[in-house]
Amino acid sequence: MSPAASDSMLPVVTIRARDARRVAAGHPWVFDGALESAPSGLVDGAIVAVEDPSHRLLGIGPYNGKSRIRVRLLARQSVAIDVDFFERRIRSALAVRERHLPGASSYRVVNSESDGLSGLVVDRYEDVLVLQIASLGLEQRKAAIVEALARVCKPRAILERSEGASRRFEGLEPASGLLAGSLESPRALPIRLNGLQFEVDLEAGHKTGLYLDQQANYEAVARFARGARVLDCFSFLGGFGLHAARAGAAHVRMLDQSAEAVAASLRNAAANGLDGRCEAEVANVFDWLKAKSRAEVREREAPWDLIVLDPPSFTRSRSSVPDALRGYKEIHLRALRLLAPGGVLATFCCSHHVDAQAFQSAIQAAAFDARVVLRRVACYSQSPDHPVVPSIPETEYLKGFAFEKVEEGG
Ligand code: SAH
């Protein structure tokens with residue numbers, strides 16, 4: 001029999017049977033509507049025990065009366081949430097990365113719910129760590145987390161980039177800065193990904209600096225690049241473009257609307273000796289594709305053999321999914337018109353609310369309008385340092401496909 005939570009002396013929160021099933025399956029969030037009873041006077045951030053209606057202990061975690069997520073479970077048993085706890089969790093998260101990304105020196109060390117640490121993200125860029133805290137319970141325990149990270153990873157510096165909108169839902173202000181160690185140039189730290197050098201801005205770059213979730217896909221997509229004319233749309237620091245150039249692309253054109261990103265991608269190309277075959281342009285991809293897919297322009301310019309589409313999320317909410325799908329369809333339609341027969345379109349969707357099936361349907365609708373037939377040659381997901389836990393659907397967000405444009409038979 002599992003021990004009753006009351007044995008642990010923690011305040012007990014009881015939740016409804018229906019919600020208890022989801023939590024017992026591994027989901028760490030207890031929403032306000034799930035609560036059946038809670039002691040009065042609970043202090044925000046205090047560790048509570050969560051029980052089902054028959055007093056079975058589901059787990060323990062910090063309570064936050066300000067958040068719709070009232071409790072974020074951190075453990076299934078009653079254990080002390082202290083430096084040793086965080087050290088154990090970080091060590092086991094690290095073991096997953098060492099197993100699935102052997103040899104990588106920059107990767108996500110802790111991916112929040114995927115690693116039993118709801119509200120904590122830690123990225124490693126060589127010997128520098130960047131952390132993001134998105135929950136009140138972990139904000140209050142930041143010092144213990146920093147101490148545990150120092151013990152396990154022995155970093156040169158630990159920076160904070162807790163800027164996400166989700167902090168507001170927990171009653172927290174943004175927080176950023178140096179938490180430990182020292183770092184002279186956080187705005188241009190050289191790091192290595194798959195043996196290529198990238199310059200990363202740890203203070204102002206996207207996410208914590210770059211899109212580590214695409215690390216495995218850069219190499220996978222580059223397999224289609226040998227001898228190809230490659231168009232990397234939404235290129236940011238040039239992740240897909242530079243991997244394609246190294247894999248033997250004849251020519252790479254990178255497009256991003258951010259002038260800083262374009263400049264950084266050109267510096268990265270030069271740092272890897274790939275600048276001879278890489279160009280980058282500041283452009284709105286939608287406008288650029290629209291202009292280039294006009295019939296008279298297509299007659300003049302050679303088609304592309306490999307096109308990568310890796311746009312930002314088109315929707316943050318379920319309600320705007322139809323708009324997002326229209327956006328995906330349009331961008332694919334234009335890209336398909338620019339793709340050579342037999343060429344490959346590698347395309348990604350990071351909108352959590354658009355699943356792989358809906359994404360593929362939007363692409364098929366575009367193929368129909370473009371009068372082309374597609375052959376799917378690869379499926380992609382987020383890199384293994386962003387693990388998917390199927391009982392926590394929120395852990396899965398990145399999906400991608402590679403499609404070949406089927407050549408007309410004679
Ligand atoms: N492929 C990149 C990540 C892309 S993130 C990588 O692997 O690192 C999305 C990028 O799209 C950002 O760099 C952003 O500046 C750019 N962006 C957003 N909207 C855009 C638009 N309409 N046109 C061109 N670039 C855009």
Side-chain angles (χ1 to χ4, degrees), residues 8 10-11 13 23 26-32 42-50 58-94 96-97 108-124 128-153 155 157-181 202 207-208 212 385-387 389 392 394-395:
S8 69
L10 292 171
V13 166
V23 172
H27 205 300
W29 297 349
V30 175
F31 287 101
D32 50 358
L42 272 180
V43 178
D44 287 343
I47 301 293
V48 298
V50 174
L58 294 166
I60 66 156
Y63 177 88
N64 184 0
K66 291 192 189 71
S67 172
R68 273 204 62 218
I69 304 176
R70 283 298 152 87
V71 186
R72 291 172 184 260
L73 293 186
L74 288 175
R76 285 169 174 257
Q77 297 87 29
S78 182
V79 293
I81 305 298
D82 54 12
V83 182
D84 291 343
F85 166 82
F86 290 114
E87 182 177 342
R88 288 194 303 277
R89 279 292 149 91
I90 294 162
R91 275 194 201 287
S92 57
L94 204 55
V96 173
R97 280 66 186 172
R108 180 153 291 187
V109 181
V110 174
N111 190 45
S112 201
E113 286 79 18
S114 305
D115 292 296
L117 286 168
S118 178
L120 178 67
V121 163
V122 181
D123 287 340
R124 174 182 165 194
V128 176
L129 298 178
V130 182
L131 73 80
Q132 290 182 309
I133 291 181
S135 77
L136 176 84
L138 295 190
E139 175 71 26
Q140 291 183 352
R141 292 165 180 82
K142 197 186 288 181
I145 293 168
V146 169
E147 166 73 25
L149 285 169
R151 279 191 203 167
V152 178
C153 305
I158 304 179
L159 303 181
E160 178 169 24
R161 288 279 301 272
S162 301
E163 298 154 356
S166 52
R167 270 175 81 90
R168 238 185 339 184
F169 305 126
E170 294 269 322
L172 296 170
E173 296 291 319
S176 58
L178 188 68
L179 296 174
L202 299 184
K207 294 217 174 185
T208 59
L212 292 168
D385 50 342
H386 296 60
V389 179
I392 315 174
E394 294 81 1
T395 57

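Count residues from 1 along the sequence. These numbers come from the heavy atoms of this one structure, side chains and all, not from hydrogens, waters or symmetry mates. None of the values given here were measured: they were computed from a predicted structure.
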Quick one: list whatever passes side-chain hydrogen bond (donor to acceptor under 3.5 Å, both in side chains) with [X], sequence neighbours left out.
| X | value |
| --- | --- |
| R72 | S118, E170 |
| E394 | H27 |
| N111 | R108, S114 |
| R161 | E163 |

Under the rule for salt bridge (charged side-chain N to carboxylate O under 4.0 Å, His left out), what residues qualify as partners of [X], not counting sequence neighbours?
| X | answer |
| --- | --- |
| R88 | none |
| R76 | none |
| D385 | none |

Could you check whether any side-chain heavy atom of [X] comes within less than 4.5 Å of a side-chain heavy atom of [Y], counting everything from C-beta outward?
| X | Y | result |
| --- | --- | --- |
| S67 | L136 | no |
| S112 | V121 | yes |
| L94 | V96 | no |
| V122 | I158 | no |
| L179 | K142 | yes |
| T208 | Q132 | yes |
| V110 | L131 | no |

Check A49 against I60 and note the closest heavy-atom contact, atom names and distance. CA-CG2, 4.1 Å
Under 3.5 Å, is there a donor-acceptor pair between the side chain of D123 and the main chain of V130? no
Test your reading of the model: is there a side-chain donor-acceptor pair from Q140 to the backbone of D44, 3.5 Å cut-off?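 Yes: the side chain of Q140 pairs with the backbone of D44.
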With sequence neighbours left out, what residues match [X] under side chain to side chain contact (heavy atoms under 4.5 Å, CB included)?
| X | answer |
| --- | --- |
| A144 | V83, F86 |
| R167 | I133, E139, E160, S162, L172, A175 |
| F31 | R22, W29, R68, I69 |
| D82 | A80, D84, F85 |

